Amino acid sequence: MNKLVRKIKKLIPRTVLAQIGFFIAFNRSWGHSCREQGICVDREGNPLPWITYPAIEFLNTIDFSEARVFEFGAGSSTLWWAKRAKLVFSVEREKDWFERLISILPGNANVVLESNELLYPKHIDSHACKFDVVVIDGAVRYPCAQSSLEGLAEDGLIVLDNTEWYPNIAQMLRDSGFSQIDFAGFGPINAFPSCTSIFFRGNKWLMQKKHAIRWVPVGGRWLKAHDDCVLSAIDISLLRK
């Protein structure tokens, strides 16, 4: 059967195979077009944050089980973070979103409604604790980014979505001593690529990498690389033949 499949593949132009593979990776593996009650989900119905897939892949490799997260803008990301973090606090401007979420929130997540855009960025200040992760993906993002500087722990992370639309925020955070990593690409249900960026001052959370055996990107493939080890001179000479 495998031989037959390989023969058939040889008859199909590579460009066509690439388009088929692209469709499978996005729609069958990621569930790119899947939504349940307005919530972005993967093909198994698990919530996905509405940020780029490369950013999701990266954040999925970090152990946030002891992290406290604050979100400017609630939604499917709130449910996603609640599965991975110790506590999640969110502020939401849209009443419809708020009412949809409060009925399905787990016990470690809390969302408040704030329609006043002057008060919206100040909600992070109402908490006595500092947050390990601050997500900026809602209303009035520049004031929210400014508030994040006080509400973020010294070694915390800031996640900013749609960075290409907010170059002034990115510049302000860099000027405040943050390093920036960009994750550009497609995100759930979007037909255009965007950029999600992670800003950090220390490497505490970047070092909380999960150890995953045979990890592959969603929709990717795994192989045993012959050169993923220390090679002797004899090994190298054999590889060159």
Side-chain angles (χ1 to χ4, degrees), residues 39-42 46-92 97-98 101-102 104-112 114 120-138 141 144-163 169-170 173-174 176-183 187-188 195-212 215 217-218:
I39 301 293
C40 297
V41 296
D42 63 18
N46 299 308
L48 286 175
W50 203 354
I51 59 178
T52 64
Y53 290 133
I56 296 173
E57 291 272 24
F58 177 76
L59 293 171
N60 264 331
T61 67
I62 299 177
D63 181 3
F64 288 109
S65 58
E66 294 300 315
R68 292 165 296 189
V69 179
F70 187 91
E71 289 186 303
F72 290 104
S76 55
S77 61
T78 309
L79 303 175
W80 186 86
W81 279 109
K83 283 189 173 183
R84 290 159 177 79
K86 186 175 184 179
L87 294 169
V88 182
F89 294 93
S90 306
V91 57
E92 174 57 40
W97 266 119
F98 171 76
L101 280 171
I102 57 174
I104 58 175
L105 285 179
N108 66 334
N110 182 61
V111 178
V112 297
E114 181 56 74
Y120 183 95
K122 301 180 184 297
H123 275 266
I124 194 172
D125 301 328
S126 64
H127 299 273
C129 67
K130 298 286 187 179
F131 290 93
D132 302 299
V133 180
V134 175
V135 181
I136 305 172
D137 194 14
R141 296 193 193 185
C144 290
Q146 291 176 309
S147 296
S148 299
L149 298 179
E150 293 297 324
L152 185 73
E154 182 61 32
D155 50 8
L157 304 177
I158 292 177
V159 180
L160 173 65
D161 196 28
N162 311 118
T163 315
I169 294 179
L173 293 176
R174 292 195 302 271
S176 300
F178 288 86
S179 297
Q180 176 180 347
I181 305 177
D182 296 327
F183 296 89
C195 181
T196 302
S197 298
I198 294 174
F199 296 83
F200 61 98
R201 288 181 293 207
N203 66 353
K204 172 186 173 180
W205 292 103
L206 299 181
M207 297 297 291
Q208 298 293 319
K209 295 281 287 182
K210 299 175 185 176
H211 177 65
W215 174 87
V218 173

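Given the structure is predicted, the values throughout are model-derived calculations rather than measurements.
Atom OG of residue S148 and atom CG of residue L157 lie 12.0 Å apart, to the nearest 0.5 angstrom. Expressed to the nearest 0.5 Å, how far CD1 of I198 lies from CZ of F58 amounts to 5.0 Å. The distance from atom CD1 of I181 to atom SG of C195, rounded to the nearest 0.5 Å, is 11.0 Å. L87 CG to N110 CG: the interatomic distance, rounded to the nearest 0.5 Å, is 10.0 Å. Separation of atoms CG (L160) and CG (D182) is listed at 9.5 Å; rounding is to 0.5 Å. Summarising the geometry, atom CZ belonging to F183 is positioned 8.5 Å from atom OG belonging to S197; distances are rounded to the nearest 0.5 Å.
Using cut-offs of 30° and 60° on the angle between ring planes, the pair Y120 and F72 is tilted. Below 30°, between 30° and 60°, or above 60°: for F178 and F199 the angle between ring planes is above 60°, a perpendicular geometry.
Q180 approaches A170 most closely through the heavy-atom pair OE1-CB, 3.8 Å. Heavy atoms only, all atoms of each residue included: F200 and G202 are closest at CD1-O, 3.4 Å. Counting all heavy atoms, side chain and backbone alike, A109 lies closest to A82 at CB-CB, 4.1 Å. The two residues L101 and A74 make their nearest non-hydrogen contact at CD1-CB, 3.5 Å. Heavy atoms only, all atoms of each residue included: G151 and I124 are closest at CA-CD1, 3.9 Å. Contact between N108 and A85 at its shortest, heavy atoms only, is ND2-O, 3.1 Å.
Proximity of L149 to L173: side-chain heavy atoms (C-beta onward) are separated by under 4.5 Å at one or more points. L59 places a side-chain heavy atom less than 4.5 Å from the side chain of I51. The closest side-chain heavy-atom distance from V133 to W205 is not below 4.5 Å. For the pair D161 and R141, the minimum side-chain heavy-atom distance is below 4.5 Å. Between L105 and L79, some side-chain heavy-atom pair lies under the 4.5 Å cut-off. L152 is not listed as a side-chain neighbour of F70, based on a closest heavy-atom distance of 4.5 Å or more. Side chains of T61 and K210 form no contact here, defined as non-hydrogen atoms less than 4.5 Å apart. You'll find the side chain of V112 reaches within 4.5 Å of the side chain of H123, heavy atoms only.
The list of salt bridge (charged side-chain N to carboxylate O under 4.0 Å, His left out) pairs with a residue in residues 68-90, not counting sequence neighbours, reads E66-K86, R68-D132.
In this structure a side-chain-to-backbone donor-acceptor pair under 3.5 Å is missing from N203 to M207. Proximity of a side-chain donor or acceptor of E92 to a complementary backbone N or O of F98 within less than 3.5 Å is not detected.
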Side chain to side chain contact (heavy atoms under 4.5 Å, CB included) between N162 and D137, intermediate numbers included: CA-CA 8 Å; N162 311 118; D137 194 14; 3.9 Å; yes
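Within a 6.0 Å radius of NZ in K130, more than 12 heavy atoms belonging to other residues, nucleotides or ligands are found.
Exactly one of D42, V41, N60, V88 qualifies for a side-chain contact (heavy atoms from CB on, under 4.5 Å) with W80. That residue is N60.
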